[in-house]
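Inspection log for the structure reproduced underneath, given as structure tokens.
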Number of protein chains: 2
Amino acid sequence: MIAGIDLGGTQVRVAVAAGDGRMIGTAKARTPELGGPAGMVAWARENAERLAAGARIEAVGIGVPGPSDPRSGVLVNPPNLVGWPPGVPLRAMLEEAFGAPVHLENDANLAALAEFKRGAGRGLHNLAYVTWSTGIGAGLILDGRLYSGAHGSAGEVGHMVLDPGGPECFCGQRGCTEAYASGNSIARGAGRPAREVFAAAQAGDPEAAAIVEHAARMVGLALLNLANLVDPEMIILGGGITESWSLVEGWLSEPLLSSPFVTPNRRPRIVRAELGADVGLVGAVEWAIENR
Amino acid sequence: MIAGIDLGGTQVRVAVAAGDGRMIGTAKARTPELGGPAGMVAWARENAERLAAGARIEAVGIGVPGPSDPRSGVLVNPPNLVGWPPGVPLRAMLEEAFGAPVHLENDANLAALAEFKRGAGRGLHNLAYVTWSTGIGAGLILDGRLYSGAHGSAGEVGHMVLDPGGPECFCGQRGCTEAYASGNSIARGAGRPAREVFAAAQAGDPEAAAIVEHAARMVGLALLNLANLVDPEMIILGGGITESWSLVEGWLSEPLLSSPFVTPNRRPRIVRAELGADVGLVGAVEWAIENR
């Protein structure tokens, strides 16, 4: 058996799967209610063992919100895990609890792996998965393997500078993709939650539609730069904002479709993710299998 | 024996090397004087056989100016090879002439491989080589291997958009790195050759110095985006403009050094290439060895 854990700021999920990745069962809890790292680890072990029903868990994969250090298995200081101390040695804690090797990775990277193995990118060799939600991040599959960079931080498409004179980003740079288009930035600019802005745009409100268009165009510009640098076959979009796919798809694709530089024969397809809410769990299980 | 060919618009060079990459001898000619593809192929074979002095040439590597299709071995329509027809099947032509397998790649990719195997990037696993000259391009070594993308066009850092409202690029996009900082753009903006602008800046001309500063800062911004997307250990700068290294180094490095987002523990070093004019030949030989 393989266990996969998808750790987010709001909820945490655990899955047990067979050695070929077939899911046996899943459980979930609200992260803040588990009371920090030790409580989360105990909960994950308890539920994984229950789901495994006596079978041995041979490997564990876990996706965590960034920033983290996959090589050391330590969470640096993820802003989404409210109340968690900095520098949690999560891999070591899980290895002790499970008595099995644990493979930790950034959640966007594991989402990319999931869509590559089981989703929209099956059978391809080079793809980028971009998550567009509260924040914006990406995972890269290059030459058939997850590429995480020299320090585990490849794919920071949210902090690509799209205009050095652009608006300030919370990260301190100017003109980042996130400064234009993250759920947080959209909400701040509009004075109401991003969800409401998208609902209003859907209902025909021209002001909301203009906000959505601008944000999607800026994400599309980031995709153009990503395509020019990484040359993927496909760019897969996931994350909460892609629930409004019909609203954003056209603007998202426009910079790549209209670029005279990226000729059609090397233009990546832009598609929506297939795995939905399970993407993190599938990625965690596949990552454990990949490293077994 | 291994043969390497470095094909440029101005000159073409051929080398013969031992199986471990040690150079035996080289020859060069002016590309336009060889009268097109067939003449170039005949010249390369003749000189490689002369340098090999009777030993068998087992494999050939060749670096070509883009755009090209490394998978098919066909030159698409490289603007630098003046007078060559579009769609030259160069790999097939060389394989017939040499009676040996031929491995064709983009010249910036092979320069990256050369610096990785024999230059500034020895012993690393993840690096980018950026050539700053008449144009701007890059090659990527990721997880210890040349990464060329799904269509052989990864590393197009010269056409990364740094400001969607920026100046028009010859490629048709706006605000590309090349539109600010290629040798061609610098010359067009200054009304004199880039070489003269750099010489004047070196001599203390404040107007020329401002042009150089702006160009180098924009290249530096492209390096910041490259670092955020690819997370390399090192970015190696080569190409003609890096002959003015002391003039550009500070501005080039500034966006990465001053980014609050790229923390020092994951900041790539920015260094100058080590192999100079031989980089293309070394890369071609190493590419043949890599694919042997």
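Throughout, a chain's letter reflects where its sequence line sits, starting with A, and its residues are numbered from 1. Just so we're clear, the structure is a prediction, and the values are computed from it rather than from any experiment.
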- Query: Under a 4.5 Å heavy-atom cut-off, does chain B meet the side chain of A:P164, its backbone, both or neither?
  - Reply: both
- Where on B:L142 is there a heavy atom nearer than 4.5 Å to chain A: the side chain, the backbone, both, or neither? both
- Rounding to 0.5 Å, atoms CZ (B:R145) and CZ (A:R145) come to a distance of 8.0 Å
- Message: Using a 6.0 Å cut-off, check whether atom CH2 of A:W84 has over 12 heavy atoms from anything other than its own residue.
- Response: yes
- Message: Do A:V157 and B:L229 have side chains that approach each other closer than 4.5 Å (heavy atoms only, starting at C-beta)?
- Response: yes
- Inter-residue atom distance A:H151.NE2 - B:T263.OG1, 0.5 Å rounding: 9.0 Å
- With B:D163 as reference, evaluate A:V161, A:D163, A:L162 under the side chain to side chain contact (heavy atoms under 4.5 Å, CB included) test and give the passing residue. A:D163
- Which atoms of B:H125 come close to chain A, meaning under 4.5 Å heavy atom to heavy atom: side chain ones, backbone ones, both, or neither? neither
- How many angstroms lie between CZ in B:R174 and CG in A:L221, if you round to the nearest 0.5 Å? 13.0 Å
- Item | chain B interface, residue from A:A227, A:G175, A:C171, A:C176 that has the most non-hydrogen pairs under 4.5 Å | A:C171
- Task: Look up atom NE2 in A:H159 and atom CG in B:N225, then write down how far apart they are to the nearest 0.5 Å.
- Result: 12.0 Å
- Query: Measuring heavy-atom distances to chain B, does A:S258 have an atom under 4.5 Å in its side chain, in its backbone, in both, or in neither?
  - Reply: neither
- Roughly how far, to the nearest 0.5 Å, is OG of A:S148 from CG of B:D143? 6.5 Å
- So, the part of B:L140 with a heavy atom under 4.5 Å from chain A: the answer is side chain
- Check: B:A150 main-chain N/O paired with A:D231 side-chain donor or acceptor under 3.5 Å: yes
- Item | Neighbour count above 12 (heavy atom, 6.0 Å) for A:R267 CZ | yes
- Message: Counting heavy-atom pairs closer than 4.5 Å to chain A, which one of B:P232, B:S153, B:G155 comes out on top?
- Response: B:S153
